[in-house]
Amino acid sequence: MKVRFLNLSVKQKERSEILSAIDKVLQHGILINGPEVLEFEGNVKNFIGTKHCVGVNSGTDALFLALKALGIKSGDEVITTSMSWIATANAIRLVGATPVFADIDDDLNISLESIKRLITNKTKAIVPVHYTGKACKISEIVELAKSASIAVIEDSAQAFGATYNGKMVGNFGDIGTFSMNSMKVYASIGEAGAIVFDEAGLYDRLMALRHNGTVNRETCIEPSLNGRLDTVQAAALNVRFSYFDDVVKKRNKIASLYNETISRYVGTPIIPVADRHVFYTYTIVTEKRDELKRFLEANGIETKIHHPILMPQQPPYMDFTADTKNASILVRRILSLPASENLELDEQEYVISKIKEFFCGK
Ligand SMILES: *Cc1c(COP(=O)(O)O)cnc(C)c1O
């Protein structure tokens, strides 16, 4: 049997709905900033519970524009996690600021204690990531930041719909950012992202920043990039919005079955009882990571490491301050198993049987 890590093909019913939504866009012809973009922004802000949403091209743009909107610039320090997709550090660096990398806890999320150790009088923002689709200690981080007048931008790229103490992530900090790229849990059919926030003053600023820093269509008030969201992607996202709950339920069901069957062999993620984990990745922890990965691969099972290199160990970031005691151990032990909503039960049972075989023999 062959088990792919991620199967992005779309099932018949949803596919025909997406195609007819795209057909509508082609008929009305407003291919950029069409009405579907406003509908998408409305869906996202109502769902997350913020006053505003600005749709953008990608999660990377969302982070970059959010930092820019808050005035983060050269000379400012921005504390983020050590373990994330490199986009998080890149966005900080691209506004000219200095990333400072905090350690992680055993759930792979940013450590509050490490953040406390790294705050200096130059710290202007904290960019925590809700890693793997599980909320980090965001209430505590926001409380700490407020007491020191530091801004918080939640990189919620992996965690659309995840909650912490019953409240949606993206709704705790000054700004929340999302990626809707095709691999994420709430996914477009290409690249997309969103920025959410409550402060009215940020709205006009972000609308200008996502369009080359222009106001009134022409006057440029500040250099920026083209971060607008395609109408076609928004149309697909609006269809997918109605499938989102089902996607998260399926991912949770898959995670529960893994937890029941393999937690005696490997470290498995904690599934919160009162909160929602959206399982962007189902990531296990084992000292035998490399051997297990090779064994699964030899048996036709594709796995991934999210991510094999800590951000502060990437060439452009090696000279920046980093607290990586726990992260540098965990980065050698993490492994993401196939666990998306398209994984069939027989595929999952095969993965489970091969993990058992690896640890116990036939
Ligand atoms: C995916 C991701 C991003 C970037 O999003 P893109 O839409 O791919 O640009 C940023 N941060 C994290 C944590 C991500 O997983």
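For the numbers below, each heavy atom of this structure counts, side chains included, while hydrogens, waters and symmetry mates do not. Read the numbers this way: they start at 1 and go in the same order the structure lists the ligands and their atoms.
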Is it true that E113 and R117 make a salt bridge, defined as a side-chain N closer than 4.0 Å to a carboxylate O? no
Enumerated ligand 1 atoms positioned under 4.0 Å from heavy atoms of A87: 3 (C), 4 (C), 10 (C)
Taking only heavy atoms of V129, which atoms of ligand 1 are found under 4.0 Å from at least one of them? 13 (C)
Taking atom 11 (N) of ligand 1 as the reference point, the nearest protein heavy atom with its distance: D155 OD2, 2.8 Å
Subset of ligand 1 atoms that lie under 4.0 Å from at least one heavy atom of S58: 7 (O), 9 (O)
Would you confirm whether the ring centroid of F172 sits within less than 6.0 angstrom of the ring centroid of H130? no
Distance from atom 15 (O) of ligand 1 to nearest protein heavy atom, with residue and atom: Q158 NE2, 2.9 Å
I need the atoms of ligand 1 closer than 4.0 Å to a non-hydrogen atom of S84, numbered in the order shown. 13 (C)
Can you tell me the protein heavy atom closest to atom 1 (C) of ligand 1 and the distance? K184 NZ, 1.6 Å
So, are R333 and D106 salt-bridged, with charged N and O less than 4.0 Å apart? no
Is the ring centre of F244 less than 6.0 Å from the ring centre of F160? yes
Sorted by chain and residue number, the side chain to side chain contact (heavy atoms under 4.5 Å, CB included) partners of L94 (sequence neighbours excluded) come out as F64
Closer than 4.0 angstrom: is that true for some heavy atom of H130 and an atom of ligand 1? no
Parallel, tilted or perpendicular: which fits the ring planes of Y317 and F101, with parallel below 30° and perpendicular above 60°? perpendicular
Is the shortest side-chain heavy-atom distance between K68 and E222 below 4.5 Å? yes
What are the atoms of ligand 1, with element, lying closer than 4.0 Å to any heavy atom of G59? 4 (C), 5 (O), 6 (P), 7 (O), 9 (O)
Out of V127, T60, L63, N57, indicate the one that has the non-hydrogen atom closest to atom 4 (C) of ligand 1. T60
Heavy-atom nearest neighbour in the protein, as seen from atom 8 (O) of ligand 1, with distance rounded to 0.1 Å: N181 ND2, 2.9 Å
Side chain to side chain contact (heavy atoms under 4.5 Å, CB included) filter on V331, not counting sequence neighbours, yields M83, L310
Between ligand 1 and Y280, is the shortest N or O to N or O distance under 3.5 Å? no
